[in-house]
Amino acid sequence: MTTPKYDFKSIEEKGHRKWRQANLFATHPEPRKKYYMLEMFAYPSGDIHIGHFRNYGIGDAVTRFRLMQGYDVLHAFGWDSFGLPAENAAIKHGVHPREWTLRNITTGRQTLQRMGLSYDWEREVVTSEPDYYKWTQWLFLLLYERGLAYRAPSLVNWCPNDGILANELVQDGRCWRCQSEVGKKEIENCWFFRYSDFAARLLDDLDRLDGWPETIKLLQRNWIGRSEGCEIDFDFGGQKLTVFTTRPDTTWGVTFMVVAPEHPIAAEVAQTQPKVAAYIQQALRKKEWERIAEGEKDGVFTGLTVTNPLNGEEVQLWVADYVVATYGTGVVMGVPGHDTRDFAFAKRYGIPIRVVIQPPGNGLEAETMEDAYVGEGTMVNSGALDGTPTPDGIPAVIEYLAQKGLGRPKVNYRLKDWLVSRQRYWGCPIPIIHCAECGPQGVPETELPVRLPLEQTQFVAEGRSPLADNPEFMRATCPRCGAPAERDPDTMDTFVCSSWYHFRYVDARNEAAPWDKEKAKTWLPVDLYIGGSEHACMHLLYFRFITKVLHDAGWLPTDEPTQRLFNHGMVYDAQGLLMSKSAGNVVSPNAIMSQWGVDVCRLAMFFFAPSEDEIRWKETGLVGAQRFAQRVWDRVHDARDVEDTRAAQRKLHQVIRKVTASFEGDLHFNTSMAAIMEFMNLSKQLSRSSATTLVQLLAPLAPFMAEELWEMLGHPGSVFRTSWPTYDEELAREEEVEVVVQLNGKVRGRFTAAADTSEEDLRAQALRDPAVQKALSGKEPRKVIVARGRLVNVVV
RNA sequence: GCGAGAGUGGCGGAACUGGCAGACGCGCUAGAUUUAGGAUCUAGUGGGUAAAACCGUGCGGGUUCGAGUCCCGCCUCUCGCACCA
């Protein structure tokens, strides 16, 4: 009876066959105990890479664990398949974007299936296919009907290669994809979602998301950027010039006003003043990153003044590009005494500085200041409010302003509305018809989807959407008056497509509705969502926003998409460098699976580090995993009908406890594996019963091998249809412990004792220790500390 | 600049509410076995010493019987935001 070779190839084939025949991962139509496991779906660019391998490996392990725990699991996959690379490939290789996309999906799916991932493939979605994007259009119309989609002109980021870019896609003034410098361009009619209306909810509800990492919540809080303050109306020759400030208590210190170059007043002034016009032109031509590069602040005086409503003073009006047009009202009140940026600006242009907040020690004088004083203090030079301390000054001024009708309390957010129009071909068409008479009209639901014309060959158009050049696509009739009209030529940001895919999984083949509300009630919210943290402020915020919108509209049972979020770490090469095609250091999942087998690759991945940490992909990890797998294989084959020793039994129950806790909690499979290894090191001869348990514990981590060993042990059916091992606290408990004897905190001896030995007895036994006896030499110890089950420290 | 997180052997990483630092693995050393091995098995492996003592969790202080863990002050690295009024 020799042990058969561990041949991963035949085992994998067998496993695939077995699971397919048993339809193991089909979603239960009427779950009694649901678990919705979700991983971020993939963009189909070429093949699956090692980062996906990690992400989906973790999700698969959790899915299999939950199945064994008796849950009915929903676990599906899809493709975020609209987007730029398909167009780029089309231009470069002359393949149609759809063809390129579908080809990549086929390749990617094969790799995922080879990995044996536990997806219910019947629910696969492809966002660029009409049966999916029909409902993306439906979603757009839902927002439109609820007043949450509107059209406005927009100064957009413009990349010479990739066209319009969302702010999030501009990194250090460069395009996230092609690295070209990004400029600005005015686009007339852009669609926006009223995202910022949800800022407060998106912020406040973070407090309810207990299962989200604090770091992600913090990133979102900063991104939303709430700040409390007030608006103050200054007077500009009869016009209101409103500013937002968080420091109304410094309003008496205003010595100038600044508007952003993009502000309408700047344009107005420019008409009569060539100097201002020239400045604006130059400022707008600057690249974003040049403006942002801190330090020198330049601007231009308009020659005009504005009146401070609190003291009636006339102050100079400037235009300067350190003012951000899209934040607040695009106007800043210049308080050089108490704001560092205003200070720098005032110094440069010789604008007066006035102290209106006196710090605790007093003695602050405008003439000798080297920087603004931004701390707390007492108000001075502020009329009736002189003597008020800072914390009281702010509300006092706000109240005063409100009473006089000169201002109002205001909470401002950094979060801006979501610009969803893209002037691209390969995206979801915006389902709007523009009628000269009736204005923009939503396409009636019965006419959805508005199909993307596939015969298109032109994918780039200078400064406008390529679809605008397709007369057949553009031709439409107004749904309201029946007159000839035009379609909207834009497509949507792909973040719209990815904001709701997890709802579609719930009922992916529904042709009459995006999903059935009852099914949504059954499965939602998602129990665990796994993906990379790079999506913290984009996808993950849009995803929450859309959930809230759909919840308000009665389509969802919850207004948060997922209970728990888990961010896996990135995978780097052995040198710690990001893998990339250009660096030539890409580890292909297919290559390593061929060489080592799926299970060994998974085990190596899991054992490298905790799931949230970054890992460096090294071959040595595979060697270790290989040995471990081989050892398990041999030991299970050697299992006999023997009695387990008490020690082995105890260890096994401890391991069950440990592994279960990792799956339910931190997903630290590295320590789960370490625990299993410890058990194997302790128990060289496995009993059939402990081998059975061992195989079950290993099944979520190394599914193919476990399935084979399960059969080999003579058990019927699939290991994934059995129930997860349970542990017995009694059996797991240590009966004996080693107690350390310390002398003044240093280890000097040790003895074993029953775990439940009383403190008194432990103390007595420690004092009998020869080293202690010697040190005491008959004297009484100063102090004896007993830590039950651990140590006794004798202080002399 | 602001915010967050992290610094532990040659390497990846363990360490519950403060209680034996270095689990588990890689690598290395020695031995066994083998025609051979990136195979398997056994023993060892933080520094230091003949053996002890002693020294060791980025650095400097502190609290404590006892600190990788708590407090204060630094240094370094990673990530996020970045003229946000």
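Note on naming: letters A, B, ... go to the chains in the order of the sequence lines (proteins, then strands), and numbering restarts at 1 for each one.
Within 4.0 Å (heavy atoms only), A:Trp596 reaches at least one base atom of the nucleic acid. Residue A:Gly624 is in sugar-phosphate contact alone, with no base atom involved, counting any heavy-atom pair closer than 4.0 Å across all strands shown. Residue A:Ser227 is in sugar-phosphate contact alone, with no base atom involved, counting any heavy-atom pair closer than 4.0 Å across all strands shown. Here A:Asp634 lies out of heavy-atom contact (under 4.0 Å) with every strand. At a threshold of 4.0 angstrom between heavy atoms, the contacts of A:Gln630 with the nucleic acid are absent. Residue A:Asn793 is classed as a base contact, given a heavy-atom separation below 4.0 Å to a base.
Residues A:Glu729 and A:His653 have side chains that never bring a donor and an acceptor to within less than 3.5 angstrom of each other. With hydrogens and angles left out, the side-chain atoms of A:Gln765 and A:Asp761 include no donor and acceptor closer than 3.5 Å.
Minimum atom distance to the side chain of A:Asp321 is reached by B:C83, of the listed B:C65, B:C83, B:A14. For A:Val795, the listed nucleotide lying nearest its side chain is B:C65; candidates were B:A23, B:G38, B:C65. In the set B:G38, B:C54, B:C20, the nucleotide with an atom closest to the side chain of A:Arg748 is B:C54. In this structure, the nucleotide among B:A85, B:C83, B:C20 sitting nearest to the side chain of A:Thr245 is B:A85. Closest contact between the side chain of A:Lys618 and the listed nucleotides B:C11, B:G80, B:C65 involves B:C11. For A:Thr246, counting side-chain heavy atoms from C-beta on, the closest listed nucleotide (B:C81, B:C20, B:A85) is B:A85. The side chain of A:Leu218 lies closest to B:A4, out of B:G27, B:A4, B:C55. Comparing B:C24, B:A82, B:C83 by their nearest atom to the side chain of A:Phe607 picks out B:C24. Distances were taken from every side-chain heavy atom of A:Tyr327 (C-beta onward) to each of B:A85, B:G38, B:G13; the shortest belongs to B:A85. The side chain of A:Arg627 lies closest to B:A39 when the candidates are B:A39, B:G13, B:C20.
Under the 90° criterion around 0 for the glycosidic angle, B:G9 counts as syn.
Across the strands present, B:G73 finds its partner in B:C59; the criterion is a Watson-Crick or G-U wobble pair with both atom distances under 3.5 angstrom. Under the Watson-Crick and G-U wobble criteria, each requiring two contacts below 3.5 Å, nucleotide B:G48 is left unpaired.
Checked against A:Trp318 for a side chain to side chain contact (heavy atoms under 4.5 Å, CB included), the options A:Ile351, A:Thr302, A:Val259 give a single hit: A:Ile351.
Between the P atom of B:G19 and the CD1 atom of A:Ile785 lies a distance of 15 Å, rounded to the nearest Å. Atom CG of A:Asn222 is separated from atom P of B:C2 by 14 Å (rounded to the nearest Å). When rounded to the nearest whole Å, the span between NZ of A:Lys746 and P of B:A67 equals 10 Å. Look at CD1 on A:Ile592: it is 22 Å from P on B:G38, rounded to the nearest Å. Protein atom CG of A:Leu219 is 9 Å distant from nucleotide atom C1' of B:C81, rounded to whole Å. Distance, A:Arg788 CZ to B:G18 P: 18 Å, rounded to whole Å. For the pair A:Asp342 CG and B:A85 P, the computed distance is 12 Å after rounding to whole Å. Atom CZ of A:Phe608 and atom C1' of B:G27 are 14 Å apart (whole Å).
When the C1' atom is compared between B:U63 and B:C77, the two are found 29 Å apart, to the nearest whole Å. If you take atom C1' in B:C65 and the same atom in B:G60, they sit 24 Å apart, rounded to whole Å. Comparing the P positions of B:C20 and B:U69 gives an interatomic distance of 13 Å, to the nearest angstrom.
Classified by interplanar angle (parallel below 30°, tilted 30° to 60°, perpendicular above 60°), the ring pair A:Phe669/A:Phe663 is tilted.
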